[in-house]
S.K.: 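Structure provided below as structure tokens; questions to follow.
In what follows, chains carry the letters A, B, and so on, assigned in the order in which the sequence lines appear, proteins first and then strands, with residues in each chain numbered from 1.
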Number of protein chains: 2
Amino acid sequence: MKENKKSVETQELILKTAKDIFAQKGYAGARMQEIADAAGINKALLHYYYRSKEKLFDQVFEEAFKKLAGPLATFLADDSELFQKIRNICKHYNNVLMEYPFLPNFILNEVNTDPTRILKLINVEGVMLGKEKTLAQISKAVEDGVIREIDPRELILNIISLSIFPFAGKPIASELLYKNVDYNKILNTRADKVSDFIIQSIKK
Amino acid sequence: MKENKKSVETQELILKTAKDIFAQKGYAGARMQEIADAAGINKALLHYYYRSKEKLFDQVFEEAFKKLAGPLATFLADDSELFQKIRNICKHYNNVLMEYPFLPNFILNEVNTDPTRILKLINVEGVMLGKEKTLAQISKAVEDGVIREIDPRELILNIISLSIFPFAGKPIASELLYKNVDYNKILNTRADKVSDFIIQSIKK
DNA sequence: ACTTTTTTTAACCAAATGGTTAAAAAAAAG
DNA sequence: CTTTTTTTTAACCATTTGGTTAAAAAAAGT
């Protein structure tokens with residue numbers, strides 16, 4: 001098993017396909033045979049590259065999580081002014097989730113069935129550092145009287161909630177609120193509105 | 001199989017136990033044997049009352065969904081003034097989810113793997129009627145200049161996002177933002193703060 | 001006490017599933 | 001052309017899993 005061009009291509013194909021299947025059915029619901037079929041290869045080759053279902057899943061999950069957390073850390077850590085930072089984060093979530101709409105459900109669900117998974121990943125990627133910085137930034141904005149009194153953690157939780165839930169709850173939201181409308185279009189234009197909603201709420 | 005006292009008790013015990021297991025592991029991840037063990041009965045008795053895994057799951061899911069949707073419909077449909085209604089809904093979600101914190105993940109996940117499930121349930125319970133009424137109420141508030149310009153559907157989606165996500169994302173939020181703090185306590189006092197956050201954002 | 005219902009026990013089954021193996025065929029690299 | 005690597009095929013295996021069955025035991029109802 002050397003790293004030939006074809007070999008790498010196949011491994012990427014497997015990973016991409018596994019991502020789709022795992023995202024839709026979860027770890028327990030996904031079938032190795034199904035992944036193989038969807039990738040247009042056979043089960044033996046699956047095990048040739050990824051020894052077991054769990055190893056395959058771990059890799060898929062880690063990549064998925066990093067896709068969300070990595071750039072978020074960057075935004076949290078940078079030096080832009082608070083309102084601009086909020087806009088950046090909302091935009092970031094929206095961009096990532098438009099491309100990988102399955103991420104929220106996938107992560108939420110697998111973290112729920114095995115909460116230790118998140119512990120292994122959350123401390124990497126510099127998320128914690130960026131978070132501390134942003135928390136302090138919010139606190140200072142409150143003290144300086146730039147924004148209303150609000151618990152910084154609460155504000156961050158609100159930002160995340162407003163950014164992620166509409167993707168996680170897509171089937172329900174589109175059925176309940178946006179029937180006969182292109183929900184993806186709604187999501188696409190949502191980032192700015194969410195930012196406005198948040199800033200409107202905290203500004204003085 | 002008559003409806004004796006003991007019989008009913010057992011069926012309720014099964015349902016309650018199945019709820020826990022399904023909530024934690026999802027449909028695919030749950031095992032009938034596990035449910036039987038957790039309920040302190042044997043597998044044969046499980047099938048004696050609920051013929052199949054799917055029938056058992058359907059009942060569990062329906063009850064879970066109704067627990068969320070039923071009272072929501074009531075709040076949506078009533079005649080209180082908009083701001084009060086927002087507070088009622090936030091409070092409602094918080095109350096239900098404090099008691100059944102697994103509901104969001106459970107519903108989100110199962111709806112994701114089988115989106116037709118929601119279609120069968122969302123039209124019952126008068127949710128749609130209440131929703132229409134509240135949408136109209138919001139539109140009117142905008143027209144009357146009571147609140148800022150906002151798409152009514154967007155506002156409702158924001159309310160739901162802020163109310164539900166903190167429960168669905170509990171493992172992540174508590175690890176990321178509220179480490180070494182009792183997250184349940186945070187959730188418990190959140191409803192009012194969420195209402196304030198929303199109202200602050202839309203009021204003129 | 002007698003009857004009916006509920007529950008247990010334990011063996012059993014068929015299908016599904018993750019995973020393995022070995023040999024052949026196809027493709028790539030040298 | 002030869003060698004090495006990748007991929008397929010297909011049979012195979014052990015385990016898990018949902019589900020069944022039948023008979024006995026326990027409990028409840030009368």
S.K.: Is A/Tyr48 close enough to D/dT6 that one of its side-chain N or O atoms is under 4.0 Å from OP1 or OP2 there?
M.R.: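 It does, given that an N or O in the side chain of A/Tyr48 lies less than 4.0 Å from OP1 or OP2 of D/dT6.
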S.K.: Without decimals, in angstroms, what is the distance between B/Gln33 CD and D/dT15 P?
M.R.: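 Whole-Å distance recorded here is 17 Å.
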S.K.: Could you work out which one of C/dG19, D/dT7, C/dT6 sits closest to the side chain of A/Thr10?
M.R.: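 My answer, after comparing the listed nucleotides, is D/dT7.
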S.K.: Are B/Glu62 and B/Lys66 close enough for a salt bridge, meaning some N to O gap below 4.0 Å?
M.R.: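 So B/Glu62 pairs with B/Lys66 through a salt bridge.
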S.K.: Rounded to whole angstrom units, what separation is found between the OH atom of A/Tyr50 and the P atom of D/dT7?
M.R.: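 It is 11 Å, rounded to the nearest whole Å.
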S.K.: Can a side chain N or O of A/Arg31 be found less than 4.0 Å away from OP1 or OP2 on C/dA16?
M.R.: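 No, because none of the side-chain N or O atoms of A/Arg31 sits under 4.0 Å from OP1 or OP2 of C/dA16.
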S.K.: Which residue is it: B/Phe102, B/Tyr27, B/Phe106? I am looking for the one with a ring-ring contact (aromatic ring centres under 6.0 Å, His included) to B/Phe61.
M.R.: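 Answer to the ring-ring contact (aromatic ring centres under 6.0 Å, His included) test with B/Phe61 among B/Phe102, B/Tyr27, B/Phe106: B/Phe106.
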S.K.: Just the rounded figure in Å: distance from P of D/dT6 to NZ of A/Lys43.
M.R.: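 It is 22 Å, rounded to the nearest whole Å.
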S.K.: If you find the nucleotide of DNA chain C closest to A/Ala44 and the one closest to A/Ala28, which residue's nucleotide is nearer the 5' end?
M.R.: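 On the 5' side of the pair lies A/Ala28.
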S.K.: Quick one: look up who C/dA29 pairs with, Watson-Crick or G-U, both distances under 3.5 Å, and put none if it's unpaired.
M.R.: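 When the pairing criteria are applied, D/dT2 turns out to be the nucleotide that pairs with C/dA29.
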S.K.: Measure CG/B/Leu56 against C1'/D/dT17 and give the value in whole Å, please.
M.R.: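 Atom-to-atom, B/Leu56 to D/dT17, this comes out as 15 Å.
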S.K.: Would you indicate which nucleotide in D/dT21, C/dG19, C/dT7 comes nearest to any side-chain atom of B/Leu45?
M.R.: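 Within the option list, the nearest is C/dT7.
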S.K.: So do the side chains of B/Leu108 and B/Asn105 get within less than 4.5 Å of each other, counting heavy atoms only?
M.R.: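 B/Leu108 vs B/Asn105: side chains apart.
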S.K.: Should the pair B/Tyr178 and B/Tyr183 be assigned to parallel (<30°), tilted (30 to 60°) or perpendicular (>60°) ring geometry?
M.R.: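 Rings of B/Tyr178 and B/Tyr183: tilted, 30 to 60°.
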S.K.: Which nucleotide in the list D/dT8, C/dG19, D/dT7 gets nearest to the side chain of A/Asn42?
M.R.: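 Among D/dT8, C/dG19, D/dT7, the one nearest the side chain of A/Asn42 is D/dT8.
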S.K.: Looking at the side chain of A/Tyr49, which of C/dA10, D/dT7, C/dG19 is the nearest nucleotide?
M.R.: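 Ranking C/dA10, D/dT7, C/dG19 by closest atom to the A/Tyr49 side chain puts D/dT7 first.
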S.K.: Tell me, do A/Ile147 and A/Phe83 make a side-chain contact under 4.5 Å, heavy atoms counted?
M.R.: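 Touching, per the 4.5 Å side-chain cut-off.
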S.K.: Whole-Å distance between C/dG18 C1' and A/Asp37 CG?
M.R.: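 Between C1' of C/dG18 and CG of A/Asp37: 14 Å.
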S.K.: Which is true for B/Ala30 with a 4.0 Å heavy-atom rule: it touches a base, it touches only sugar-phosphate, or it touches nothing?
M.R.: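 Sugar-phosphate, backbone atoms only, no base.
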S.K.: Could you tell me whether the phosphate oxygens of D/dG19, OP1 or OP2, come under 4.0 Å of any side-chain nitrogen or oxygen in B/Arg51?
M.R.: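 Result: no.
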S.K.: Can you measure A/Leu46 atom CG to D/dT9 atom P for me and round it to whole angstrom units?
M.R.: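 Checked: the CG to P distance equals 14 Å.
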S.K.: Without decimals, in angstroms, what is the distance between A/Ile21 CD1 and C/dT17 P?
M.R.: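 Atom-to-atom, A/Ile21 to C/dT17, this comes out as 13 Å.
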S.K.: May I ask you to verify whether the side chain of A/Lys53 and the base of C/dG19 hold a donor-acceptor pair under 3.5 Å?
M.R.: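 Under the 3.5 Å cut-off, the side chain and the base do not form any donor-acceptor pair.
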S.K.: With a 4.5 Å heavy-atom cut-off, do A/Ile198 and A/Leu155 have their side chains touching?
M.R.: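 In short, these two side chains touch, coming nearer than 4.5 Å.
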S.K.: Taking atom P of D/dG19 as reference, at what distance in whole Å does atom CD of B/Glu54 sit?
M.R.: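 Going from CD in B/Glu54 over to P in D/dG19 covers 8 Å.
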S.K.: Closest approach to the side chain of B/His47, judged atom by atom: which nucleotide of D/dG18, D/dT9, D/dT6 is it?
M.R.: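 So the side chain of B/His47 is nearest to D/dG18.
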S.K.: Which nucleotide in the list C/dG19, C/dT9, C/dT21 gets nearest to the side chain of A/Met32?
M.R.: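 It is C/dG19.
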